[in-house]
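For reference, the structure is listed below as structure tokens.
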Amino acid sequence: MTEGLNTPGYEIPPEMQGQVSITTLDRIYNWGRRSSIWPMMFGLACCAIEMICAATSRFDFSRFGMEIMRPSPRQADLMIVSGTVTKKMIPQIVRLYNQMPEPKYVLAMGACASGGGPFKEGYNVVSGVDEYVPVDVYVPGCPPTPQALLNGLIMLQKKIDTQSLKTVRWYSKTPDQALPIPVLGPDIMDPRQYALIKEYTQAKLEAQQAALQPPPEGEAAQ
Amino acid sequence: MSNPSIALETDLTHIFPDMIKSDERQGYEGYIVEPAQLVYFLTRLRDELGYDYLSSVTGVDYLPEGKMEVVYHLRKSTGGAPLVIKTQVARENPVVDSIVSVYPGAEFQEREAWDLLGIRFDKHPDLRRILMWEGFDGHPLRKDWREGYFEEDSKPFKSRWPDGHFKRSEQINPFGKNVDYPAGFDPETWIPEPETALYAGLDKMVRGVEETAIDTEQIIINLGLNIHPHTVYFEWRLR
């Protein structure tokens, strides 16, 4: 394992290779994090079954350090959103995402979490969890095979390898804002879009009132 | 009758000549009963003819005819083909008598018909939304209800074929989501309802269930977050 950490160009004598490694702080930091990602036990629908298969002995992801699936968001690094995200569930998903401590990652597993999937036009479906929560890796499939999920997790590990202590958001000077929780109104509402909603509904009301005006007074002289 | 399983049982219009009539539409089966006599008719079916198992309650929206229909599938616990009973009411402000007093299992199914189609059930003990949330605007399975991403009634859309000028649904919708809001709605001044509706069912369970057939104690076990499919299996076994 220490061979992978060693910065190329610095040759270590063979008898010391098991004990000595010359490396950068970024690589150690990322190596520790990518080798022990603890997923949160978060299965919503059918993709959860494939996630369980990826966790069990045949496709085992504990080989990659992910054996401990934590039910509590406070102890998890990775939220694997597996399954259709409904409008009723999205406030809970955002709450759980806020409760996860940094560094945290989100993996959208399956077609439904990536972009709505077969139920995109559904009246109770959020077409893609990335409408509310930032996603790091998308794994397509309906459901993705366990091998595909493992590929996605390996890709997440590669993404973690590219991060640097100087630029990660949890060590930046600006404080991290929690995501606003969506509100269940006449339809699901994102608090970040309140101004846009108000503008849209006002325009709709005005159009309705204008349509009720008798036709001869065509030019609306408010 | 064309359906062989119904041909084996007696024709109900002979037993109840003035209450029901047979559904003569092409491809349909069953009996249509007047809404005013629904509860009485189903009580007699359950008590006299032995249809003691309500298999399903569903609603149908006939937009061109201006009717809402509620369809009941009744079965006997001794076996046999289902009996199909229907009532029809006007589509404007549809109200049907609730059959929870006859078949308690209709409670959730009538709530679903209310939630998705807007059919009110008179004398239902707890008529509130079950799949959507309280405060949702509209009844989604009505034929004239349109979701945020609606473009046309059937595919291929005129925007895509034959010219192929494809635009993603998220780009067309002003919010980039499958949502729509009623005219004049102001999210900043709107006060959300407290979650009393959400907890009303739990409240009833905690307080009011004394009159059960089995004389035992009742306790409520909170099994916590049941998002792992293995624990959900365990919870079902416990029930």
Side-chain angles (χ1 to χ4, degrees), chain A residues 40-46 48-49 51-52 55-56 69 71-73 82-83 86-92 96 115-116 119-128 130-132 182-209, chain B residues 112 115-117 129-142 145-153 155 157 168-195 197-198 223-233:
Chain A
M40 186 164 77
M41 225 188 268
F42 195 70
L44 291 173
C46 2
I49 305 296
M51 182 174 71
I52 289 163
T56 49
M69 285 191 92
S72 165
S82 50
T86 53
K87 291 180 183 172
K88 255 175 137 173
M89 189 64 187
I90 192 70
Q92 273 63 265
L96 288 172
F119 313 113
K120 193 178 180 77
E121 289 96 0
Y123 46 86
N124 201 5
V125 172
V126 169
S127 50
D130 57 357
E131 287 180 3
Y132 294 93
V183 178
L184 293 170
D187 208 335
I188 189 83
M189 301 191 288
D190 190 350
R192 298 172 288 196
Q193 288 186 327
Y194 273 179
L196 186 60
I197 293 175
K198 192 167 176 177
E199 203 183 295
Y200 168 81
T201 53
Q202 269 305 108
K204 207 169 171 185
L205 184 66
E206 278 161 24
Q208 271 183 3
Q209 285 167 345
Chain B
E112 187 197 8
D115 186 5
L116 299 176
L117 282 168
R129 287 188 181 261
I130 189 169
L131 294 172
M132 304 308 288
W133 57 90
E134 286 299 325
F136 183 77
D137 181 45
H139 298 282
L141 284 183
R142 288 198 165 194
W145 190 87
R146 300 280 176 255
E147 75 274 5
Y149 280 164
F150 178 78
E151 199 173 328
E152 263 171 54
D153 265 335
K155 286 189 171 174
F157 298 147
R168 293 180 190 281
S169 313
E170 287 96 338
Q171 288 174 289
I172 302 174
N173 189 283
F175 309 99
K177 304 178 164 71
N178 189 15
V179 293
D180 200 11
Y181 303 101
F185 172 71
D186 186 2
E188 272 136 27
T189 55
W190 171 76
I191 301 168
E193 278 174 41
E195 291 175 333
L198 187 67
L223 290 181
L225 213 64
N226 276 327
I227 45 177
H228 193 284
H230 288 176
T231 55
V232 172
Y233 175 68

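By convention in this document, chain letters (A, B, ...) are assigned in the order of the sequence lines, proteins followed by strands, and residues within each chain are numbered from 1. Since we're looking at a predicted model, the values are computed, not measured.
- Chain A forms the most heavy-atom pairs under 4.5 Å with one residue out of B:Tyr181, B:Phe136, B:Tyr149, B:Phe150, and that residue is B:Tyr181.
- With sequence neighbours left out, B:Trp145 forms a ring-ring contact (aromatic ring centres under 6.0 Å, His included) with no residue at all.
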**Message:** For a side chain to side chain contact (heavy atoms under 4.5 Å, CB included) check, start with the C-alpha distance between A:Lys120 and B:Glu170, then their side-chain angles and the critical distance, and finish with the verdict.
**Reply:** CA-CA 11 Å; A:Lys120 193 178 180 77; B:Glu170 287 96 338; 2.8 Å; yes
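- Heavy atoms closer than 4.5 Å to chain B are found nowhere in A:Val126, neither backbone nor side chain.
- Per-residue counts of heavy-atom pairs under 4.5 Å with chain B were compared for A:Ile197, A:Asn124, A:Leu196, A:Asp190; the largest is that of A:Ile197.
- Considering all non-hydrogen atoms of both residues, B:Trp190 and A:Gly185 come closest at CH2-CA, 3.4 Å.
- Nearest heavy-atom pair across A:Lys198 and B:Glu188 is NZ-OE1, 3.7 Å.
- A cation-pi arrangement is absent between A:Lys204 and B:Phe185 under the rule of less than 6.0 angstrom and at most 45 degrees off the ring axis.
- The OG atom of A:Ser127 lies 10.5 Å from the CD atom of B:Glu147; values are rounded to the nearest 0.5 Å.
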**Message:** Determine whether B:Phe175 and A:Glu131 satisfy the following criterion, side chain to side chain contact (heavy atoms under 4.5 Å, CB included), listing intermediate values before the conclusion.
**Reply:** CA-CA 10 Å; B:Phe175 309 99; A:Glu131 287 180 3; over 6 Å; no
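- Contact annotation for A:Tyr200: only side-chain heavy atoms (C-beta onward) come within less than 4.5 Å of a heavy atom of chain B.
- At a 4.5 Å heavy-atom cutoff, the contact between A:Gln208 and chain B is made by side-chain atoms alone.
- Residue with the most contacts toward chain B among A:Leu205, A:Ile188, A:Leu184: A:Leu184 (heavy-atom pairs, distance under 4.5 Å).
- In this structure, OG1 in A:Thr201 is found 6.5 Å from CG in B:Asp186, a value given to the nearest 0.5 Å.
- With hydrogens and angles ignored, the 3.5 Å screen pairs a side-chain donor or acceptor of B:Asn178 with a backbone N or O of A:Gly122.
- Closest non-hydrogen pair, A:Lys87 versus B:Val179, comes out as NZ-CG1, 4.2 Å.
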